[in-house]
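Basis for what follows: all heavy atoms, side chains included, without hydrogens, waters or symmetry-related copies. Here, residue 1 is the first one in the sequence, and each next residue gets the next number.
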Amino acid sequence: RWKNLTQLKEINFCNTSIDEVSLNALLAAAPNLITIALNGSTLDFQAVKWKNRTQLKEINFGYTSIDAASFNALLDAAPD
């Protein structure tokens, strides 16, 4: 479904039903993604693969249920 999205810089999934498998596929296909909005998402954030997201600068988790372990895993994967 998500193939080569090298030009994609920003995406908004606010209040959508995107699942972990689809988000992981998008992250793999969009290496230059800078901003992602996940407001209101019900994702299992522990299943999201944040590694190698070197361009990602902004993630909006407003009104989500992200837990401390998932947030810390994201911080560990972040380059800066």
- Task: Enter the distance from Leu43:CG to Ser65:OG here, rounded to the nearest 0.5 Å.
- Result: 8.5 Å

- Message: So, taking the atom named CG in Leu8 and the one named CG in Leu26, what distance separates them when rounded to the nearest 0.5 Å?
- Response: 6.5 Å

- Determine, stepwise, if the pair Leu56 / Trp50 fulfils side chain to side chain contact (heavy atoms under 4.5 Å, CB included). CA-CA 9 Å; Leu56 198 56; Trp50 297 109; 4.0 Å; yes

- Lys9 atom NZ: more than 12 heavy-atom contacts under 6.0 Å: yes

- Task: For side chain to side chain contact (heavy atoms under 4.5 Å, CB included), just list the numbers for Asp76 and Lys51, CA-CA rounded to whole Å, side-chain angles, deciding distance to a tenth of an Å, and then say yes or no.
- Result: CA-CA 9 Å; Asp76 289 342; Lys51 294 209 184 280; 6.0 Å; no

- Item | Side-chain touch Ile36/Leu23, heavy atoms, less than 4.5 angstrom | yes

- Note on the structure: dist Ile34:CD1 -> Ile11:CD1 (nearest 0.5 Å) comes out at 13.5 Å

- Under 4.5 Å between side-chain heavy atoms, hopping through other hydrophobics if needed: is there a path connecting Phe13 to Phe71? yes

- Value for CD (Glu20) from CG (Leu27), rounded to nearest 0.5 Å, stands at 11.5 Å

- Quick one: pull up CZ in Arg53 and CG in Leu74 and give me the separation to the nearest 0.5 Å. 11.0 Å

- Phe45 and Phe61: aromatic ring centres closer than 6.0 Å? yes

- Closest non-hydrogen atoms of Asn39 and Cys14, given as atom of the first, atom of the second and distance, are OD1-SG, 3.1 Å

- Query: Taking Asn24 for the side chain and Asp19 for the main chain, is one N or O donor matched with an acceptor at less than 3.5 Å?
  - Reply: no

- Asn32 side chain to Gln7 backbone, donor-acceptor under 3.5 Å: no

- Calculate, to the nearest 0.5 Å, the distance between atoms CD1 and CG belonging to Ile18 and Leu38 respectively. 7.5 Å

- Taking side chain as C-beta onward, heavy atoms only, is Asp67 less than 4.5 Å from Gln46? yes

